[in-house]
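One structure is given below, encoded as structure tokens.
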Amino acid sequence: MAHIRKQLRDKMKTVVQGTGITTFVNRDKQITQTDLPCAVITTDRDKVDPFIGNGRQAGCSRSTLRTIDLVIRVYAQAETGVDDALDVQCAKIEKVLAATETIAPAWPDLKSTTIDIFGEGEKPIGIATMNYKVEFKNISNPERSI
């Protein structure tokens with residue numbers, strides 16, 4: 001079984017693609033003008049802490065709280081109205097992730113979104129970075145199916 005981060009990226013790719021947005025899960029993907037608009041999904045941080053609560057009973061293995069930072073970067077050509085174009089794509093993603101049960105019982109929780117414009121490429125592009133937190137309780141095995 002794949003690591004939980006890969007499972008999460010792959011599941012989120014399927015969900016985001018359902019909105020009609022071309023989606024990638026590798027940060028080494030070189031985005032071209034023909035790919036735009038598109039999204040790139042990464043898992044930038046995976047923090048595992050002891051979990052104390054109702055999840056642990058006497059005689060059971062150690063309980064954990066695994067918090068994964070799921071990042072969805074939405075890319076669009078930086079033309080007139082790039083903020084609006086990025087907001088349209090972000091709204092699609094926010095709505096579909098709020099309604100998904102793909103990774104139950106953990107839901108992606110949107111923490112922040114930032115928007116930047118970069119003009120270094122062939123043509124300027126806008127990037128909306130959506131930062132989600134996804135928490136999994138009692139998953140100490142990194143290859144457990146989610």
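The first residue of the sequence shown is numbered 1, and numbering continues consecutively from there.
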What I'd like to find out is whether the side chain of Thr64 reaches to under 4.5 Å of the side chain of Pro50, using heavy atoms alone.
no

Steps toward side chain to side chain contact (heavy atoms under 4.5 Å, CB included) verdict (Lys133, Asp69)
CA-CA 5 Å; Lys133 294 271 186 219; Asp69 292 348; 2.5 Å; yes

Could you go through the side chain to side chain contact (heavy atoms under 4.5 Å, CB included) check for Ile127 and Ile115 one step at a time?
CA-CA 6 Å; Ile127 304 172; Ile115 295 180; over 6 Å; no

Answer yes if the side chains of Ser112 and Asn131 hold a donor-acceptor pair under 3.5 Å, and no otherwise.
yes

Assess whether side chain to side chain contact (heavy atoms under 4.5 Å, CB included) is satisfied between Ile68 and Ile4, documenting all intermediate values.
CA-CA 9 Å; Ile68 298 177; Ile4 193 170; 4.0 Å; yes

Under 4.5 Å between side-chain heavy atoms, hopping through other hydrophobics if needed: is there a path connecting Val82 to Val88?
no

Working to the nearest 0.5 Å, report the span between CD1 of Ile72 and CD1 of Ile41.
5.0 Å

Could you tell me whether Asp46 and Arg5 have a side-chain N and a carboxylate O separated by less than 4.0 Å?
yes

Can you name the closest pair of heavy atoms from Cys90 and Val74 and give their distance?
SG-CG2, 4.3 Å

Min side-chain heavy-atom separation Phe24-Gln30 under 4.5 Å:
no

Are the side chain of Asp10 and the backbone N or O of Gln7 linked by a donor-acceptor pair below 3.5 Å?
no

Where do Pro108 and Val134 come nearest, in terms of heavy atoms and distance?
CA-CG2, 3.9 Å

Are side-chain heavy atoms of Gln77 and Gln33 found at a separation under 4.5 Å?
yes

Side chains of Tyr75 and Asp35: closer than 4.5 Å at any heavy-atom pair?
no

Answer yes or no: is there a side-chain heavy-atom contact under 4.5 Å between Val25 and Met12?
no

Can you tell me how far apart CZ (Arg9) and NZ (Lys6) are? Round to the nearest 0.5 Å.
6.5 Å

Residue pair Leu8, Thr43: steps toward the side chain to side chain contact (heavy atoms under 4.5 Å, CB included) verdict
CA-CA 8 Å; Leu8 179 60; Thr43 46; 4.1 Å; yes

Do Arg73 and Thr42 pair up side chain to side chain, a donor and an acceptor below 3.5 Å, judged on atom types alone?
yes

Is Ile117 linked to Met130 within one hydrophobic cluster, defined over Ile, Leu, Val, Met, Phe, Trp and Tyr using a side-chain heavy-atom separation of less than 4.5 Å?
yes

In one Ile/Leu/Val/Met/Phe/Trp/Tyr side-chain cluster, 4.5 Å: Tyr132, Val71:
no

Sub-4.5 Å side-chain heavy-atom contact between Thr23 and Val40:
no

Looking only at heavy atoms, what is the nearest atom pair of Ile21 and Ala39, with distance?
CG2-N, 3.8 Å

Evaluate the side-chain proximity of Val15 to Gln17: yes if any heavy-atom separation is below 4.5 Å, no if none is.
no

